[in-house]
There are 2 protein chains.
Amino acid sequence: MPSELGDPRTDDVALGHLIAVVHQTGRDALGRALRPLNLETRHFAVLVALDRHGPASQRRISDLLDLDKSAMVRIMDELERMGLAARARAEHDRRAYAIDLTPEGRARAAAAAEVTAEVTAGLYGRLSGAERDQLVALLARLAP
Amino acid sequence: MPSELGDPRTDDVALGHLIAVVHQTGRDALGRALRPLNLETRHFAVLVALDRHGPASQRRISDLLDLDKSAMVRIMDELERMGLAARARAEHDRRAYAIDLTPEGRARAAAAAEVTAEVTAGLYGRLSGAERDQLVALLARLAP
DNA sequence: TATTGTTATACTCTATAACTATA
DNA sequence: TATAGTTATAGAGTATAACAATA
């Protein structure tokens with residue numbers, strides 16, 4: 001005979017699980033779409049962040065993306081090796097880099113955005129614009 | 001000059017990121033709450049599933065939790081070593097196990113539910129019941 | 001003292017493939 | 001042939017601590 005774990009908790013545990021499944025589904029779909037472009041999701045996130053906020057310090061980008069700084073180092077190493085981003089020394093702080101996209105990186109970011117637009121349309125297109133706004137508003141209240 | 005990655009996509013990428021952050025936040029909070037009970041989130045998920053659906057085959061539980069079957073093996077190994085769950089041979093299928101909680105496992109599941117109730121109250125309590133229902137309904141349409 | 005970035009390390013999660021024993 | 005479970009392995013994500021250079 002199962003013990004009574006309670007119903008409100010049941011719903012909350014199920015909600016947590018649902019969030020995990022939706023997260024994983026989106027991440028997988030994004031990963032599949034980016035593979036032909038030789039990009040992983042971690043690369044795409046930094047490309048988009050740099051396109052919008054670059055040049056910036058590694059620290060700034062890793063903060064924007066909730067990335068650990070050591071993960072940021074690895075990703076920038078990979079992007080530099082691929083010729084998509086570059087590290088220059090920052091003007092007024094000799095500890096920091098001013099990292100930015102290369103022209104090729106900018107082109108790759110645009111191509112990736114094309115591809116991922118189809119993916120997100122397939123995923124989030126099941127919701128109307130108003131529903132998406134609702135979802136964002138609700139989730140925002142669950143974020144720190 | 002940043003290229004134009006477009007605004008609707010911006011929102012969708014941000015939505016994906018928001019889902020990731022909320023997922024990670026919840027997982028971390030759950031992990032911290034379970035640590036005093038010597039449980040990881042993976043153990044808790046199986047304890048709850050067994051409490052509700054046990055006895056069952058490993059396959060049934062791993063399907064319910066979207067767990068890989070090899071991950072399920074490892075988790076059951078750990079739960080058995082901790083004395084919280086047990087494998088018995090299934091009656092009508094000699095390939096399968098009938099896995100279930102031990103009495104101690106049932107007690108631990110109840111204790112974990114106590115603790116996690118506070119966590120989920122802290123997390124999801126920011127939303128009203130109606131809002132939580134809304135959120136679940138919206139997320140359910142994004143799941144496969 | 002604190003911050004930027006690097007390196008090393010380790011743990012978790014996820015996925016895959018090869019294997020056994022049954023069905 | 002297909003399924004339940006096991007084992008081994010590898011990649012990705014995440015986190016920490018120690019360190020050098022600079023603020």
Side-chain angles (χ1 to χ4, degrees), chain A residues 16-17 19-21 23-32 34-35 38-46 55-81 85-100 144, chain B residues 16-17 19-21 23-32 34-35 38-46 55-81 85-100 144:
Chain A
H17 188 238
I19 291 172
V21 168
H23 173 212
Q24 199 58 40
T25 303
R27 169 171 274 282
D28 288 351
L30 186 59
R32 274 194 303 278
L34 290 174
R35 193 165 307 148
N38 272 315
L39 294 175
E40 306 281 338
T41 56
R42 61 178 180 275
H43 303 132
F44 176 65
V46 172
S57 68
Q58 286 189 188
R59 175 60 190 270
R60 169 110 194 280
I61 300 299
S62 64
D63 278 352
L64 284 170
L65 299 174
D66 305 299
L67 271 176
D68 190 80
K69 60 183 180 176
S70 67
M72 187 70 211
V73 169
R74 186 170 54 97
I75 297 171
M76 268 306 294
D77 286 349
E78 293 167 345
L79 290 177
E80 259 194 332
R81 189 162 32 73
R87 288 167 163 117
R89 279 293 162 185
E91 285 188 15
H92 303 302
D93 186 339
R94 295 199 328 214
R95 293 171 306 181
Y97 289 128
I99 60 176
D100 203 358
Chain B
H17 188 239
I19 292 171
V21 168
H23 174 213
Q24 198 58 40
T25 303
R27 169 171 273 281
D28 288 351
L30 187 59
R32 274 194 303 278
L34 291 173
R35 193 163 309 147
N38 273 316
L39 293 175
E40 305 280 339
T41 55
R42 61 178 180 275
H43 303 132
F44 176 65
V46 172
S57 67
Q58 287 190 185
R59 174 60 191 269
R60 169 110 194 280
I61 301 299
S62 62
D63 277 353
L64 283 170
L65 298 174
D66 306 299
L67 271 177
D68 190 80
K69 61 183 180 175
S70 67
M72 187 71 210
V73 170
R74 184 170 55 96
I75 297 171
M76 269 306 294
D77 286 348
E78 292 166 346
L79 289 177
E80 257 192 335
R81 188 161 33 74
R87 289 167 163 116
R89 279 293 161 187
E91 284 187 16
H92 302 303
D93 185 340
R94 296 200 327 215
R95 295 170 303 179
Y97 289 128
I99 61 176
D100 204 358

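By convention in this document, chain letters (A, B, ...) are assigned in the order of the sequence lines, proteins followed by strands, and residues within each chain are numbered from 1.
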Name the residue closer to the 5' end of DNA chain D, choosing between A/Glu40 and A/His92 according to the nucleotide with the nearest heavy atom. A/Glu40

For A/Arg89, enumerate each residue passing the side chain to side chain donor-acceptor pair (under 3.5 Å) test, keeping only those at least two apart in sequence or located in another chain. A/Tyr97

From CG of B/Leu30 over to P of C/dC13, roughly how many Å is that when rounded to an integer? 11 Å

Assign each of A/Val73 and B/Asp93 the nucleotide of DNA chain C bearing its closest heavy atom; nearer the 5' end lies the nucleotide of A/Val73

Go through the structure and list residues passing side chain to side chain donor-acceptor pair (under 3.5 Å) with B/Thr25, not counting sequence neighbours. none

What residues, two or more places apart in sequence or in another chain, satisfy side-chain contact (heavy atoms from CB on, under 4.5 Å) together with A/Ala45? A/Leu65

Sequence neighbours excluded, the answer for side chain to side chain donor-acceptor pair (under 3.5 Å) partners of B/Arg42 is B/Glu78

In Å, rounded to the nearest 0.5 Å, how long is the span from CD1 of B/Ile75 to CG of B/Leu67? 5.0 Å

A/Ile99 CD1 to C/dG5 P: how many Å, rounded? 7 Å

Quick one: list whatever passes salt bridge (Lys or Arg N to Asp or Glu O under 4.0 Å) with B/Glu40, sequence neighbours left out. none

Separation of B/Arg42 atom CZ from C/dC13 atom P, in whole Å? 5 Å

If the condition is side-chain contact (heavy atoms from CB on, under 4.5 Å), which residues does A/Asp28 pass it with, not counting sequence neighbours? A/Gln24, A/Arg32

Applying ring-ring contact (aromatic ring centres under 6.0 Å, His included), can you list everything that pairs with B/His23, at least two apart in sequence or on another chain? A/His23

Atom pairs, N/O to N/O, protein against nucleotides 14-19 of chain C, distance under 3.5 Å?
unit_1	atom_1	unit_2	atom_2	d
C/dT16	O4	B/Ser70	OG	2.9

Taking only nitrogen or oxygen atoms into account, show me every contact under 3.5 Å that the protein makes with nucleotides 1-3 of chain C, one pair per line with its distance.
unit_1	atom_1	unit_2	atom_2	d
C/dT3	O4'	A/Arg95	NH1	3.3
C/dT3	O2	A/Arg95	NH1	2.6

Restricting to salt bridge (Lys or Arg N to Asp or Glu O under 4.0 Å), what partner residues turn up for A/Asp66, sequence neighbours left out? none

With a 4.0 Å cut-off (strictly under) to non-hydrogen atoms of chain A, the first and last hit nts on DNA chain D, 5' to 3', are D/dA12 to D/dA23

List in chain and number order the residues that pass side chain to side chain donor-acceptor pair (under 3.5 Å) with B/Arg59, two or more places apart in sequence or in another chain; answer none if no residue qualifies. B/Asp63

Got a second to check how far A/His17's NE2 is from B/Leu64's CG, nearest 0.5 Å? 8.5 Å

Base, sugar-phosphate or nothing for B/Arg87? Non-hydrogen atoms, less than 4.0 Å. sugar-phosphate

With a 4.0 Å cut-off on heavy atoms, is B/Ser62 in touch with a base, just the backbone sugar-phosphate, or nothing at all? nothing

Nearest heavy atom decides the nucleotide; on that basis, is B/Arg94 or A/Ala98 closer to the 5' end of DNA chain C? A/Ala98

